[in-house]
Protein chains: 2
Amino acid sequence: MPKLMADDIATALKRRIAAGDWSPEGRIPPERDLAVEFGVARNTVRKAFDALERDGTIVRQVGRGTFITARDADTLAATVARMEDTSPADMMEIRLLLEPAAAAFAATNASASELAAVREAHQAAVEAREMPEFEHLDAEFHHRIFACCRNEFLKEIHNLMRILRNQAPWFDMKRRSFSEERRHLYCDEHQAIVDALVARDPDRARSAMAAHLRTVERNLLGRNGPDL
Amino acid sequence: MPKLMADDIATALKRRIAAGDWSPEGRIPPERDLAVEFGVARNTVRKAFDALERDGTIVRQVGRGTFITARDADTLAATVARMEDTSPADMMEIRLLLEPAAAAFAATNASASELAAVREAHQAAVEAREMPEFEHLDAEFHHRIFACCRNEFLKEIHNLMRILRNQAPWFDMKRRSFSEERRHLYCDEHQAIVDALVARDPDRARSAMAAHLRTVERNLLGRNGPDL
DNA sequence: GCCAATTGGTTCACAATTGGATCACGGAGG
DNA sequence: CCTCCGTGATCCAATTGTGAACCAATTGGC
């Protein structure tokens, strides 16, 4: 008979919580069940829970159950909230990481109709004259490339970036950096990307996209990107 | 059996809305039908709808029905909901894209204390014996590398991936693929990454991480990754 | 224009589950 | 002998799900 079973159970529970046995923000099995599982009286489990409750790792609610107090870092909502503070520089760094790869994927994986959709978005952007409309079509162009990748997760990550970039501070920045000359440059670079996709040339697609993004970075942040 | 069904149903509904199951005209089946479909009392479905109505994803009208408000798949919440269905293969593809780059960033940018934190997590993982604990420390190791990158957005993306991988279907998959032998292999590969970081060698860090992830991919998906 | 069917809104009593609290019992150890 | 701690049991209080009934608004057919 080991001394202080309650303490032992408390530490065992802590480890299992830390290990993620019951997902964060999740519910812990009822005291009665755990008592059976540990082969111990319910009162003893309660003692153990008392300790965990005191140091704040769990919360108990009559009639509902016992819950792990999720640390902020471990919830989707908190993570997304933190993303909303992303700086333009950080964002550009990630775009530079993901989009050339996405363009390469697209060059190998895209179906004919998907390619047509990309060209169509490009064409629409060429014809757009005002800044908000061009902005929207530009984003659509990039998004359709991601839609060719055969990777839903990558597509959703880009979706996320697009939403973040559509929020107020970004919009002002884009407006300030916009000019007719730059719009033409972007269209040319888009054309180069489309050409590479149509040619099914992943490497050229990758480098065309990288070149384009470095241009965007230069215009947006007023400095040279790294030479990748 | 009160097991917080309303919450479960609410998240299920959110996901189906995000996925566009019964869009596009925006109408959701009647409460009575859904109650049957979920095998649950109508009152319970109503509870779930109450939550969705509060956070504005649906609108209800007596005599007409329940409708999706944000038909736009362009909200953060919907995007994240769709991410929850990410397949392991897609996830691994993105990890293979981001983590080697992150390791390279870390090799150049990490502060001494951040490097120490990475080593500490590695050491703890080496000493862990049980599968859930090792799993958790393994994730922590990877996350601390991202924390060295000087890119908050990249860090949060990884956080997001970590949370997704902690959900039920993934957990079972990881458990099945786990073995003592593989744990040792992972530890060795982690060591190689740590060595490269300490040596401040971005290229070696990148390739060590890539090699590690290909091992993980092989074990998790039971096939060879592409030779990058 | 009226009526019936559909659909969300509301309320109620009931049962099941779950944490909260207390008590008597018994063994281990001082 | 006395204290500490786990056991087993009992009862309480809070929450949730169930099933049913009825109301109110909308729609569509007659």
Side-chain angles (χ1 to χ4, degrees), chain A residues 1-18 20-70, chain B residues 1-18 20-71 168:
Chain A
M1 162 99 76
K3 273 175 26 175
L4 303 190
M5 296 183 82
D7 287 358
D8 290 349
I9 291 177
T11 61
L13 285 173
K14 260 189 196 171
R15 287 184 61 179
R16 292 182 63 174
I17 289 172
D21 268 23
W22 309 290
S23 56
E25 186 92 44
R27 196 162 78 147
I28 295 177
E31 296 174 350
R32 290 167 175 88
D33 290 3
L34 287 175
V36 174
E37 186 180 328
F38 283 110
V40 103
R42 185 179 156 222
N43 271 337
T44 311
V45 174
R46 283 187 58 69
K47 272 269 184 87
F49 272 151
D50 286 344
L52 296 208
E53 192 179 27
R54 265 195 305 278
D55 67 40
T57 56
I58 60 168
V59 170
R60 298 196 275 191
Q61 285 169 33
V62 185
R64 296 197 70 207
T66 305
F67 302 84
I68 301 171
T69 60
Chain B
M1 38 163 134
K3 217 183 148 216
L4 306 193
M5 291 184 160
D7 289 357
D8 291 347
I9 292 176
T11 61
L13 287 172
K14 259 190 197 172
R15 193 182 295 191
R16 291 180 63 174
I17 290 172
D21 267 21
W22 347 256
S23 299
E25 86 259 26
R27 175 154 175 194
I28 295 177
E31 296 174 350
R32 290 169 174 87
D33 292 2
L34 286 176
V36 174
E37 185 180 329
F38 283 109
V40 104
R42 184 179 156 223
N43 269 336
T44 309
V45 174
R46 284 188 56 65
K47 272 259 183 97
F49 272 151
D50 286 345
L52 296 208
E53 193 179 28
R54 264 196 306 277
D55 65 40
T57 57
I58 60 168
V59 169
R60 299 194 275 192
Q61 287 171 36
V62 184
R64 297 196 62 210
T66 304
F67 302 85
I68 301 170
T69 53
R71 99 140 57 269

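Sequence lines set the chain letters: A, B, ... in the order given, protein chains first and strands last, and positions in each chain run from 1.
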- Query: If you check every side-chain atom of A:R64, which of D:dT16, C:dG19, D:dT18 has the closest atom?
  - Reply: D:dT16

- Item | Any A:T66 side-chain nitrogen or oxygen under 4.0 Å from OP1 or OP2 of C:dG19 | yes

- Task: Locate the shortest heavy-atom distance separating B:A48 from B:A10; write the atom from each residue and the value.
- Result: CB-N, 3.7 Å

- Task: Nearest whole angstrom, please: distance from the C1' of C:dT17 to the CZ of A:R60.
- Result: 16 Å

- Once you round it to whole Å, what is the distance between C1' of D:dC5 and CZ of A:R46? 16 Å

- Do B:E53 and B:T69 come close enough that some side-chain heavy atom pair is under 4.5 Å? no

- Verify the contact: side-chain N or O of A:R42 to OP1 or OP2 of D:dG8, cut-off strictly under 4.0 Å; return yes or no. no

- Of the listed nucleotides C:dT22, C:dG8, D:dT16, the one nearest the side chain of A:N43: C:dT22

- Item | Between C:dA16 (C1') and A:D33 (CG): distance, integer Å | 14 Å

- Query: Atom CD1 of A:I58 to atom P of C:dT18: distance rounded to whole Å?
  - Reply: 15 Å

- A:E31 side chain: which of D:dT7, C:dG20, C:dT11 is closest? C:dG20

- From C:dT11, C:dT18, C:dG20, nucleotide with atom closest to A:P30 side chain: C:dT18

- Query: When the distance from CG of B:L4 to P of D:dT15 is rounded to whole Å, what number comes out?
  - Reply: 13 Å

- For A:V40 and for B:K47, find the nucleotide of DNA chain D with the closest heavy atom, then tell me which residue's nucleotide is more 5'. A:V40

- Query: Taking side chain as C-beta onward, heavy atoms only, is A:F38 less than 4.5 Å from A:D8?
  - Reply: no

- Message: Output the rounded distance in Å from CZ (B:F49) to C1' (C:dG8).
- Response: 10 Å

- Task: Return the nearest nucleotide to the side chain of B:T44; candidates are D:dA20, C:dG19, D:dG17.
- Result: D:dG17

- Task: Quickly work out the B:I28 CD1 to C:dT7 P distance and round it to whole Å.
- Result: 14 Å

- Among A:I28, A:T44, A:T66, A:V40, whose side chain to side chain contact (heavy atoms under 4.5 Å, CB included) with A:L34 holds? A:I28

- Residue whose closest nucleotide on DNA chain D lies nearer the 5' end, B:G39 versus B:R32: B:G39

- Check whether any side-chain heavy atom of A:I17 sits under 4.5 Å from a side-chain heavy atom of A:L52, and report yes or no. yes

- Message: Please report the distance, rounded to the nearest Å, between CE in B:M5 and C1' in D:dG17.
- Response: 8 Å

